[in-house]
Amino acid sequence: VNNSEPLHALGQPPLDDASRLCSIGIDCRTASNRLFGVVVDLNGAVVPLPARTASLGVGGRAVRTRELHSTDPEAVVSGITELVAELRALRPDLDDQFFGVGVSVGGHVNGRTGEVILSPQLSWRTPVPLAERLKSTTRFETVVVENDVNALAVGAQFFGDAADARGPEDAPGTPFFAVVRLETGIGVGLVSRGELFRGITGIAGELGHFPVERAGRRCVCGKHGCLETIAGGIAILHAIHDAGREDIESIKDAADLARNGDEVARAAFEQAGEALGRGLAGLVNLLNLRLIILCGEPAILAYEPYVTEARKSFEERAFSTAARDCTLRIERRTGELAARGAASMVFEHLRNHHLE
Ligand SMILES: [Zn+2]
C-alpha cells in the first residue's frame with residue numbers, strides 16, 4: 001500500500017498550505033466493538049503518534065483504538081468524541097491545523113447530510129443525525145459521516161492504492177475499482193472514473209443484500225435469501241450452529257475450529273467462500289472492474305481455504321475475460337484503512353467546497 005501519494009499526484013488540484021491541514025478519521029468497527037482512529041494530512045500521509053500510545057499501522061505507529069461498550073447512539077457519539085480528543089491531545093503541536101473529522105459507519109448513510117438512515121451493524125433502526133451530533137460534541141464545524149465501504153473506496157483513491165492496477169486501455173487518473181468489505185455482512189464501495197459512485201440515495205454497493213436465493217435464511221435487513229446470509233461471517237456461524245456447535249460464538253473461534261480440522265467448520269468456511277466468489281463474479285460481470293480490494297474481518301480473510309474457494313468460484317463464474325481483467329487483492333488491515341478513508345473524506349468535502 002502506497003500511503004504517501006500526494007493529492008496532486010492523483011490529478012487533483014493542490015490547495016494552499018496543503019501540508020498544514022490535518023483531519024481525524026474514525027471507523028466504527030462493530031464486529032469487534034472497537035473504534036479505530038488515525039490522523040491524516042492533506043498531502044496524503046498518515047501522521048505518526050507517540051509510540052507507546054498507538055498501534056503499528058500503514059503509516060508506522062499511527063492507529064489509536066478504543067473499545068465500544070454499547071452501540072446505542074449516545075455511547076457511539078461519546079466514544080467518537082473521546083477518541084477525537086485523545087488523538088488531538090497526542091499531537092498538540094498540530095492542534096491549530098486540525099480541520100475536521102470524518103467518521104465511517106456500516107449501513108445506509110446520507111453522505112451529504114451525515115445522517116445514518118439505517119445501520120443493522122449498529123442496530124440503529126431509525127435515522128440518527130450523527131454528523132450534527134458530533135459537530136456539537138467535538139466542536140468541529142466540518143464533520144463528514146459516510147458509509148464505511150465508501151470511505152474505504154475514497155481512501156484507496158486518495159492514497160493511490162488503486163494506481164498500480166491500471167490496464168493499457170485505461171485513461172490515466174481515472175481508476176475503476178471496488179472495495180469489498182467482508183464482515184458479518186458484505187458491502188461494496190465503487191469508484192468509477194475516479195469518482196465515488198453512491199447511486200441516487202446512497203444505497204449503491206449493497207452486494208450483501210443481493211437476493212440470490214428464492215427462500216433462504218432471514219437477513220439482518222429483514223428480507224430473505226440475501227448473499228450475506230450464505231457468504232459472510234453470519235453465514236459461517238449459522239452453518240456451524242446448525243450442526244449443533246452452538247458454543248461457537250465468534251468468527252475467530254470458528255476459524256480456530258476449522259484450523260484444528262473440524263469438518264463442519266471447514267465446510268462452513270469453504271461454502272461461504274464459494275458463495276462470496278460467485279458474488280464477486282456477479283460484480284465484475286455487471287461492472288467489468290480493473291481491481292477489487294477485498295478487506296474485512298481478519299479471522300475470515302486469514303483462513304486460506306475461504307479465500308482459495310472465493311478466488312476459484314470468482315474465476316469460474318465470471319463472464320468471458322471479466323475475472324482475468326480484474327485483480328483480486330486481499331487486504332487485512334481494514335479498520336485502520338477505513339479510518340484513513342474517513343479522514344480523507346474531510347479533504348474530499350473541502351475540495352468540493354473549495355471548487356464550488
Ligand atoms: Zn439483506
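Remember, it's 1-based here, ligands and their atoms both numbered in the order they're listed. For this chain, numbers begin at 1 and follow the sequence in order.
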Linking I/L/V/M/F/W/Y whenever any side-chain heavy atoms sit under 4.5 Å apart, do Leu350 and Val40 land together?
yes
Give me each pair satisfying ring pair (Phe, Tyr, Trp, His ring centres under 6.0 Å) with a member in [range], each pair once, sequence neighbours excluded.
{"range": "residues 249-304", "result": "Phe269-Tyr303"}
{"range": "residues 217-258", "result": "none"}
{"range": "residues 66-123", "result": "none"}

Given a cut-off of 2.8 Å, the protein N, O or S atoms lying below it from the Zn ion (ligand 1) are His209 ND1, Cys219 SG, Cys221 SG, Cys226 SG
Side-chain donor/acceptor of Asn147 to backbone N/O of Gly107, under 3.5 Å
yes
Give me the one residue out of Val38, Leu94, Ile26 that meets side-chain contact (heavy atoms from CB on, under 4.5 Å) with Leu87.
Ile26
